[in-house]
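Notes follow the structure.
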Amino acid sequence: MIKRNILECMTLVGKAPSHYEGAKTYVSTGAVDCDHIDYKQTEQVTYDNRPSRANLSVTSGDILFAKMCGTKKTLRINDVMAKYLFSTGFCAVRANESVMIADLLYHLLSSEQFLTQKDQNSSGATQKAITNTGLKKNHNSSTGFGRTAGISCEIRLYRTDDGKAPNTN
């Protein structure tokens, strides 16, 4: 059975946007309903008039999950969404394909098990949220992120006999 910390299965990605001309669609955490964007709640922003939290650029194939405690909001970024700006209330990650395929990582980050662990490791006085430090917590614990039997079994089920991720194309 393969046991890994969640940070071994993914890379933290996402960056501040480079200067751009015109307007971009800004997606706040409030504009995401579970696994899709409610476009009625998005807004068009220019580089100079964007809210301070509109500061996350992503790439097609990235996965976003809301950092805030008690929220289930997970998105798989496609080519269209890669042109949007996202709230810094999201954590942007990319699967470490040598360990876990992106489809499995998306499933994992959407699972009740991950959400429970995210909430347990969140911090903050006013609005609790997971931090990079919170993701690293309990690395050597049997109850920490990515260290439970359920997650380990899922990894094993998605591996081929030679230990490589199966081709999903």
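Along the sequence shown, the residues carry numbers beginning at 1.
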**OP:** Could you please spell out the steps behind the ring pair (Phe, Tyr, Trp, His ring centres under 6.0 Å) verdict for F114 and F65?
**Re:** CA-CA 11 Å; F114 174 79; F65 65 89; 5.2 Å; yes
Original post:
Are any side-chain N or O atoms of N121 and backbone N or O atoms of K118, one a donor and one an acceptor, separated by less than 3.5 Å?
Top reply: no
Subject >> Reported CZ-to-OG1 distance for the pair F90 and T29, which is rounded to 0.5 angstrom >> reply: 5.5 Å
**OP:** State the CZ-SG distance between R94 and C9, to the nearest 0.5 angstrom.
**Re:** 15.5 Å
Subject >> Non-hydrogen atoms of P17 and A54 that approach each other most closely >> reply: CG-O, 4.4 Å
Original post:
L64 and Y26: same hydrophobic cluster, using ILVMFWY side-chain contacts below 4.5 Å?
Top reply: no
Original post:
Under 3.5 Å, is there a donor-acceptor pair between the side chain of K67 and the main chain of T88?
Top reply: yes
Original post:
Applying the 4.5 Å side-chain criterion to the ILVMFWY set and letting contacts propagate, would M100 and I63 be lumped into a single cluster?
Top reply: yes
Original post:
Does K24 make a cation-pi contact with Y20, if we ask for NZ or CZ under 6.0 Å from the ring centre and within 45° of the axis?
Top reply: yes
**OP:** Please confirm whether the backbone N or O of M68 pairs with a side-chain atom of K73, one donor and one acceptor, at under 3.5 Å?
**Re:** no
Original post:
Rounded to the nearest 0.5 Å, what separation is found between the CG atom of L115 and the CG atom of L109?
Top reply: 9.0 Å
Original post:
Can T11 and N96 be counted as having a side-chain donor-acceptor contact under 3.5 angstrom?
Top reply: no
Subject >> S123 side chain reached by T131 side chain, heavy atoms, under 4.5 Å >> reply: yes
Original post:
Has D79 got more than 12 heavy atoms of other residues, nucleotides or ligands less than 6.0 Å from its CG?
Top reply: no
Original post:
So, for A82 and S60, which heavy atoms are closest and what is the spacing to 0.1 Å?
Top reply: CB-N, 3.6 Å
Original post:
Is there side-chain contact between L75 and I37, with heavy atoms separated by less than 4.5 Å?
Top reply: yes
Original post:
Any donor-acceptor pair under 3.5 Å linking the side chain of N78 with the backbone of M81?
Top reply: yes
Subject >> Aromatic ring pairing Y84/F86, orientation class (parallel under 30°, perpendicular over 60°, tilted between) >> reply: tilted
**OP:** For the residue pair H19 and Y47, categorise the inter-ring angle as parallel (less than 30°), tilted (30 to 60°) or perpendicular (more than 60°).
**Re:** tilted
Subject >> Hydrophobic cluster membership, V32 vs Y106, 4.5 Å side-chain cutoff >> reply: no
Original post:
Between the side chain of N49 and the main-chain N/O of T46, is any donor-acceptor distance below 3.5 Å?
Top reply: yes
**OP:** Compute whether any side-chain donor of one residue and acceptor of the other, for D119 and T116, lie under 3.5 angstrom apart.
**Re:** no
**OP:** State yes or no: do I130 and L108 share one hydrophobic cluster built from I, L, V, M, F, W and Y residues joined by side-chain heavy-atom distances below 4.5 Å, directly or via other members?
**Re:** yes
Original post:
Looking at R50, R53, E43, which one forms a side-chain contact (heavy atoms from CB on, under 4.5 Å) with L85?
Top reply: R50
Subject >> ILVMFWY network linking V93 to L7, side-chain heavy atoms under 4.5 angstrom >> reply: yes
Original post:
Any chance CD of Q41 has more than 12 other-residue heavy atoms, nucleotides or ligands included, within less than 6.0 Å?
Top reply: yes
Subject >> Interatomic spacing from CG in D62 to CE in M10 - rounded to 0.5 Å >> reply: 12.0 Å
Subject >> Pair D35 + R76: basic N to acidic O under 4.0 Å >> reply: no
